[in-house]
Amino acid sequence: MSNKSPRVFSREFKLEAVRRILAGERIKALSQELNVLRKDLYAWRDLFRAGGAEALRPIGRPRKSDAVAPSVKERARDVATADPGAPERIAELERKIGQQQIELDFFRRQALRRVKEARRPSTGPGVTGSTRSSRR
């Protein structure tokens with residue numbers, strides 16, 4: 001097994017490669033020239049066709065500034081200025097969502113614990129299997 005971490009390519013690098021592919025360059029030759037796997041070039045091309053340049057973002061978490069589209073930020077700002085009570089209402093809803101998430105986590109843990117306790121052991125000495133033998 002290799003200790004090398006996977007190479008990370010910038011959006012600009014990917015866009016340039018895709019531009020050359022769409023211009024008609026052969027993928028095999030481009031792969032050898034750029035020292036990139038052909039499957040990656042095909043994947044970048046397909047991503048570009050499906051979602052444009054925005055789809056070619058680098059691997060990993062997006063920056064906080066990229067996480068919410070600017071149009072959504074602008075819309076939220078417009079709503080907040082139009083309705084003076086909007087920030088309080090948004091804060092209230094965020095608190096409610098947080099509380100619901102805590103409750104969901106709690107109930108999931110409780111339900112899993114109860115299911116595990118209710119299960120009969122399926123292995124061990126003297127324990128019958130959960131299904132009958134297929135022998136007749």
Side-chain angles (χ1 to χ4, degrees):
M1 191 156 61
S2 172
N3 289 343
K4 294 167 108 180
S5 59
R7 288 175 59 190
V8 178
F9 300 99
S10 69
R11 176 182 286 154
E12 292 76 24
F13 181 86
K14 293 175 184 179
L15 278 172
E16 180 60 24
V18 169
R19 185 191 62 76
R20 290 174 64 180
I21 291 169
L22 296 177
E25 283 193 48
R26 298 192 57 192
I27 290 183
K28 184 175 182 179
L30 191 59
S31 169
Q32 291 170 347
E33 178 186 332
L34 299 176
N35 195 22
V36 176
L37 295 174
R38 286 186 306 190
K39 73 174 188 72
D40 290 336
L41 292 174
Y42 283 112
W44 297 345
R45 181 198 63 190
D46 295 342
L47 281 171
F48 181 80
R49 285 181 175 167
E54 199 57 36
L56 293 176
R57 70 173 191 79
I59 295 174
R61 289 178 87 168
R63 289 187 215 103
K64 285 187 177 184
S65 61
D66 295 342
V68 178
S71 60
V72 173
K73 289 180 184 176
E74 291 168 8
R75 176 76 176 121
R77 194 177 313 115
D78 293 343
V79 168
T81 56
D83 181 9
E88 292 83 15
R89 179 72 177 140
I90 291 170
E92 177 189 342
L93 292 172
E94 287 175 344
R95 280 191 299 275
K96 194 171 203 173
I97 289 171
Q99 184 62 36
Q100 288 175 343
Q101 187 61 50
I102 290 170
E103 290 171 1
L104 279 172
D105 292 343
F106 173 77
F107 287 121
R108 282 186 188 137
R109 274 190 243 119
Q110 291 297 324
L112 283 174
R113 186 172 52 90
R114 287 188 182 147
V115 167
K116 286 179 182 176
E117 289 172 356
R119 257 190 214 156
R120 293 188 334 192
S122 60
T123 61
V127 177
T128 59
S130 61
T131 59
R132 291 184 177 169
S133 173
S134 60
R135 292 186 205 157
R136 293 191 177 176

Going by atom type alone, with no hydrogens or angles, which donor-acceptor pairs under 3.5 Å involve a side-chain atom of residues 89-100 and a protein atom two or more places apart or on another chain?
residue, atom, partner, partner atom, Å
R89, NH1, E92, OE2, 3.3

Show which side-chain atoms of residues 15-24 pair as donor or acceptor with protein atoms under 3.5 Å away, not counting sequence neighbours.
residue, atom, partner, partner atom, Å
E16, OE1, R19, NE, 3.2
E16, OE2, R19, NE, 3.4
E16, OE2, R19, NH2, 2.3
R20, NE, E25, OE1, 3.4
R20, NE, E25, OE2, 2.8
R20, NH1, E33, OE2, 3.2
R20, NH2, E25, OE1, 3.0
R20, NH2, E33, OE1, 2.8
R20, NH2, E33, OE2, 3.0

Report all side-chain donor-acceptor pairs from residues 39-52 shorter than 3.5 Å, counting only partners two or more places apart or in another chain.
none

With side-chain contact (heavy atoms from CB on, under 4.5 Å) as the criterion, how do L34 and F13 come out once you've worked through the C-alpha distance, each side chain's angles and the decisive distance to 0.1 Å?
CA-CA 10 Å; L34 299 176; F13 181 86; 4.1 Å; yes
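With rounding to the nearest 0.5 Å, the separation of CG in D105 from CD in E103 is 10.0 Å.
Pairing each heavy atom of R11 with each of A53, the nearest pair is NE-O, 3.5 Å. Of all heavy-atom pairs between L56 and K14, the closest is O-CD, 3.8 Å.
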